[in-house]
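Beneath this line is the structure, given in structure tokens, with notes to follow.
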Amino acid sequence: GTKLEEELFRINQILNAAQIKSTVTGSSKLVNTPLLVENVLSMCLKEAVNNVVKHSGATTCSISIKQSAKETLLKVYDNGKGLEEKKSLSKGHGLLGIKERLEFVNGTLDIHSKNGTTLNIRVPNVIQ
Ligand code: ATP
Ligand code: MG
């Protein structure tokens, strides 16, 4: 599996190569987080950024990582063309893959399309 820090390094290179400006806020050093959760988050981040590069036409991509008492929230925003969630989920395997992996760790994916696309990827701190 991959740690979030390594994945952030890689996706930064991918975004640079695609000439998409990237910003990262928050710490990639996750506190009290099982390795499985970190691996799942890394895979989600990778697919989210692949989609930004492949589909969005964005000029910027912002990634934020927030840990609270309740959960870890990974946000991936791009300022591209946006998407229609229902149509999009049936087009490929990437977004469905994110949802399926998140289920293993009781996480959730929600997608917003406004001035681009935002994926909110949440994993609760306590795995029930
Ligand atoms: P793959 O199975 O290789 O991931 P895919 O990328 O087409 O194929 P998904 O990752 O599930 O499949 O994405 C589904 C669809 O949602 C895409 O085909 C695209 O139309 C749309 N989409 C996904 N991410 C974005 C984005 N950031 N901006 C605009 N459209 C997007
Ligand atoms: Mg994809």
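Only a predicted model underlies this, so the values are computations on that prediction, with no experimental measurement involved. Note that the numbering runs from 1 along the sequence shown for the chain. Side-chain atoms are counted along with the backbone in the values below, which use heavy atoms only and exclude waters and symmetry mates.
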Please find the pair of heavy atoms, one from [X] and one from [Y], that lie closest to each other, and give the distance.
{"X": "Gly80", "Y": "Ala58", "result": "N-CB, 3.5 Å"}
{"X": "Ser113", "Y": "Gly82", "result": "OG-CA, 3.3 Å"}
{"X": "Ala69", "Y": "Asn125", "result": "O-ND2, 2.8 Å"}
{"X": "Ile63", "Y": "Val49", "result": "CD1-CG2, 4.3 Å"}

Could you give the distance from CD1 (Ile98) to SG (Cys44), rounded to the nearest 0.5 Å?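 Ile98 CD1 to Cys44 SG: 5.0 Å, rounded to 0.5 Å.
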
Measure the spacing between CD of Glu6 and CD1 of Ile11 and express it to the nearest 0.5 Å. 13.0 Å

Could you go through Glu85 and Asp110, starting from their C-alpha distance and side-chain angles, then the distance that decides it, and tell me whether this counts as side chain to side chain contact (heavy atoms under 4.5 Å, CB included)? CA-CA 9 Å; Glu85 182 170 358; Asp110 62 82; over 6 Å; no

Heavy atoms, side chains only, cut-off 4.5 Å: are [X] and [Y] in contact?
{"X": "Ser56", "Y": "Thr117", "result": "no"}
{"X": "Thr118", "Y": "Ile111", "result": "no"}
{"X": "Leu102", "Y": "Arg122", "result": "no"}
{"X": "Leu109", "Y": "Asn120", "result": "no"}
{"X": "Leu95", "Y": "Ser88", "result": "yes"}
{"X": "Leu30", "Y": "Thr72", "result": "yes"}

Would you call Glu7 and Lys46 a salt bridge, using N to O less than 4.0 angstrom? no

Report whether Tyr77 and Leu83 are members of the same hydrophobic cluster (ILVMFWY, side-chain heavy atoms less than 4.5 Å apart, transitive linking). no

Does Phe9 share a hydrophobic cluster with Leu4, counting links as ILVMFWY side-chain heavy atoms below 4.5 Å and allowing steps through other members? no

With respect to Thr33, which candidate in Glu38, Lys3, Gln67 satisfies the side-chain hydrogen bond (donor to acceptor under 3.5 Å, both in side chains) definition?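 Of Glu38, Lys3, Gln67, side-chain hydrogen bond (donor to acceptor under 3.5 Å, both in side chains) with Thr33 is met by Gln67 alone.
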
Name of the residue among Asn12, Asn16, Asp78 meeting side-chain hydrogen bond (donor to acceptor under 3.5 Å, both in side chains) with Ser22: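 Going through Asn12, Asn16, Asp78 one by one, the side-chain hydrogen bond (donor to acceptor under 3.5 Å, both in side chains) with Ser22 is satisfied by Asn12 alone.
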
Please determine which of Leu8, Leu73, Thr25 meets the side-chain contact (heavy atoms from CB on, under 4.5 Å) test together with Ile65.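 Among the candidates, only Leu8 passes.
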
Side chains of Thr59 and Asn79: donor-acceptor distance under 3.5 Å anywhere?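 Side chains of Thr59 and Asn79: pair found under 3.5 Å.
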
Side chain to side chain contact (heavy atoms under 4.5 Å, CB included) evaluation trace for Leu45 with Leu74: CA-CA 8 Å; Leu45 178 64; Leu74 173 64; 4.1 Å; yes

Stepwise side chain to side chain contact (heavy atoms under 4.5 Å, CB included) test for Asn39 and Arg101: CA-CA 10 Å; Asn39 291 163; Arg101 283 167 188 149; over 6 Å; no

